Amino acid sequence: MCGGAIVETEAYLHDDPACHASRGLTKRNRVMFGKPGHGYVYLIYGFHFCVNAVCRPAEAVLIRAVESTFGATQMLARRPVGKARELTNGPGKLCQAMSITRELDGVDLCNEQSELYIVENVDVKKFRKEKGPVITTTRVGITKAATLPLRFYLAGSDYVSKR
DNA sequence: GGTAAGATTGTCT
DNA sequence: GACAATCTTACCG
């Protein structure tokens, strides 16, 4: 068991050229056309995995950074790093640390019996208060629709990938 | 059947 | 700051 608070996300909308689902259903993005609440996991650049939470049909939120709150020992075993923040301050990094792979593509994120799931609890609310306001900026690492303000992160978190 | 590009990261300068 | 590593998918012929 390991986990943490999501501190950085990006949104991908159905009419957004940067969204994998914008050009219709394919083998890779089929999960995005399924039921909302499921996880979309894919391999990028042949090296790293990225996780998304499907929110509406053909629309998803990319999880870019997590601040680990428990199970950090296990995560460090999978991803040995010097500084704690290096553990999960990037979409590919957090997938390695939490052993998120393509096997989890399509997982039900709303079911606490799943290998991977997302919940909102009182600690998260307190965490958000401590970490300050949510900053909205442009998305990172994309070439299409790069100016849309669809990236969100907590101003006070050390685990945000880029400022 | 071939090829170009990608929602990244780590390493070297 | 620049660049290589490495592979799946999408698109064209």
Side-chain angles (χ1 to χ4, degrees), chain A residues 2-68 71-72 74-110 114-118 134-155 157-163:
Chain A
C2 64
I6 298 169
V7 297
E8 179 182 351
T9 62
E10 283 178 5
Y12 289 87
L13 309 179
H14 69 91
D15 58 349
D16 172 4
C19 179
H20 285 176
S22 66
R23 285 180 212 170
L25 177 67
T26 66
K27 188 181 177 185
R28 176 175 63 167
N29 67 21
R30 69 196 149 74
V31 174
M32 290 185 72
F33 291 88
K35 278 194 295 187
H38 287 239
Y40 167 44
V41 182
Y42 70 96
L43 184 68
I44 186 67
Y45 295 119
F47 296 86
H48 307 285
F49 291 104
C50 291
V51 230
N52 294 248
V54 179
C55 297
R56 290 187 298 191
E59 300 191 338
V61 171
L62 169 70
I63 313 298
R64 286 194 56 89
V66 163
E67 190 162 332
S68 79
Q74 276 182 45
M75 293 163 78
L76 273 169
R78 283 190 284 263
R79 179 177 162 73
V81 288
K83 297 174 184 174
R85 53 189 299 171
E86 296 294 316
L87 195 56
T88 51
N89 66 339
K93 296 177 184 180
L94 72 92
C95 284
Q96 188 188 1
M98 299 176 76
S99 76
I100 297 168
T101 69
R102 214 169 19 180
E103 291 176 17
L104 291 178
D105 190 33
V107 68
D108 184 2
L109 295 174
C110 301
S114 299
E115 285 195 56
L116 177 70
Y117 62 89
I118 299 174
V134 175
I135 306 294
T136 303
T137 36
T138 54
R139 293 177 294 188
V140 177
I142 58 173
T143 56
K144 299 161 194 162
T147 58
L148 295 176
L150 292 174
R151 175 171 173 245
F152 312 94
Y153 65 85
L154 289 176
S157 175
D158 291 331
Y159 287 71
V160 173
S161 60
K162 286 184 181 180
R163 319 274 2 168

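The structure displayed is predicted, hence computed values, not measured ones. So you know, we letter chains A, B, ... as the sequences are listed, proteins then strands, and number each from 1.
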Quiz item: Is any NZ, NE, NH1 or NH2 atom of the basic residue among R139(A) and D16(A) found under 4.0 Å from an Asp or Glu carboxylate oxygen of the other?
Solution: yes

Quiz item: Given atom NZ of K27(A) and atom P of dA10(C), what is their separation to the nearest angstrom?
Solution: 9 Å

Practice problem: Give R151(A) one of three labels, base, sugar-phosphate or nothing, depending on what nucleic acid heavy atoms sit under 4.0 Å from its own. | Solution: nothing

Quiz item: Which whole-number value in Å describes the distance from R28(A) CZ to dT9(C) P?
Solution: 8 Å

Exercise. For V51(A) and for Q96(A), locate the closest nucleotide of DNA chain B by heavy-atom distance; then report the residue assigned to the nucleotide nearer the 5' terminus.
Key: V51(A)

Quiz item: When you measure from the side chain of R102(A), which nucleotide among dA5(C), dT8(C), dT8(B) comes out closest?
Solution: dT8(C)

Quiz item: Between the base of dA7(B) and the side chain of Y42(A), is there any donor-acceptor pair under 3.5 Å?
Solution: yes

Quiz item: Considering every strand shown, what is the Watson-Crick or G-U wobble mate of dA7(B) when both distances are under 3.5 Å?
Solution: none

Quiz item: If you check the T26(A) side chain, which of dA10(C), dT8(B), dG10(B) turns out closest?
Solution: dA10(C)

Quiz item: Counting just side-chain N and O atoms, does R23(A) come under 4.0 Å of either OP1 or OP2 of dC11(C)?
Solution: yes

Quiz item: Given that both distances must come in under 3.5 Å, which nucleotide forms a Watson-Crick or G-U wobble pair with dT6(C)?
Solution: none

Exercise. Using a 4.0 Å heavy-atom cut-off across all strands, classify L62(A) as base, sugar-phosphate, or nothing.
Key: base

Exercise. For the pair D105(A) (side chain) and R102(A) (backbone), establish whether a donor and an acceptor sit closer than 3.5 Å, ignoring hydrogens and angles.
Key: no

Quiz item: Under 5.5 Å between ring centres and under 30° between planes: does that hold for Y12(A) against the base of dA7(B)?
Solution: yes

Self-check item: E115(A), CD: over 12 other non-hydrogen atoms inside 6.0 angstrom
Solution: no

Quiz item: At under 4.0 Å, does any side-chain N or O of K93(A) touch on OP1 or OP2 of dG10(B)?
Solution: yes

Quiz item: What is the distance from CD1 of I44(A) to C1' of dT9(C), rounded to the nearest Å?
Solution: 10 Å

Practice problem: Measure from the side chain of H48(A), starting at C-beta and using heavy atoms only, and say which of dT9(B), dA7(B), dA5(C) lies closest. | Solution: dT9(B)

Quiz item: Can you tell me how far P of dC11(C) sits from CG of L25(A), to the nearest Å?
Solution: 12 Å

Quiz item: What's the closest nucleotide to the R79(A) side chain, out of dT8(B), dA5(C), dG10(B)?
Solution: dG10(B)

Quiz item: What is the distance from CD of E86(A) to P of dG10(B), rounded to the nearest Å?
Solution: 7 Å

Quiz item: Just how far, in rounded Å, is P of dA7(B) from CZ of F152(A)?
Solution: 18 Å

Quiz item: More 5' along DNA chain B: V81(A) or C19(A), using each one's nearest nucleotide?
Solution: C19(A)

Quiz prompt | R64(A) side-chain N/O to dT8(B) phosphate OP1/OP2 under 4.0 Å | solution = yes

Quiz item: Tell me: CD of E103(A) to C1' of dT8(C), nearest whole Å?
Solution: 17 Å

Quiz item: Below 4.0 angstrom from OP1 or OP2 of dG6(B), is there any side-chain N or O of T143(A)?
Solution: yes

Practice problem: From the options dA10(C), dT8(B), dC7(C), select the nucleotide whose nearest atom is closest to the side chain of L43(A). | Solution: dC7(C)

Practice problem: For D16(A) and dG6(B), give me the distance from atom CG to atom P, rounded to whole Å. | Solution: 14 Å

Practice problem: Could you point out which residue of L94(A), L104(A), L43(A) forms a side-chain contact (heavy atoms from CB on, under 4.5 Å) with F49(A)? | Solution: L43(A)

Quiz item: Out of R64(A), R79(A), H48(A), which one pairs with K93(A) under the side-chain contact (heavy atoms from CB on, under 4.5 Å) rule?
Solution: R79(A)

Quiz item: Looking at the side chain of P91(A), which of dT9(B), dA7(B), dA10(C) is the nearest nucleotide?
Solution: dT9(B)

Exercise. Kindly check if the number of other-residue, nucleotide or ligand heavy atoms within 6.0 Å of CZ (R163(A)) is above 12?
Key: yes

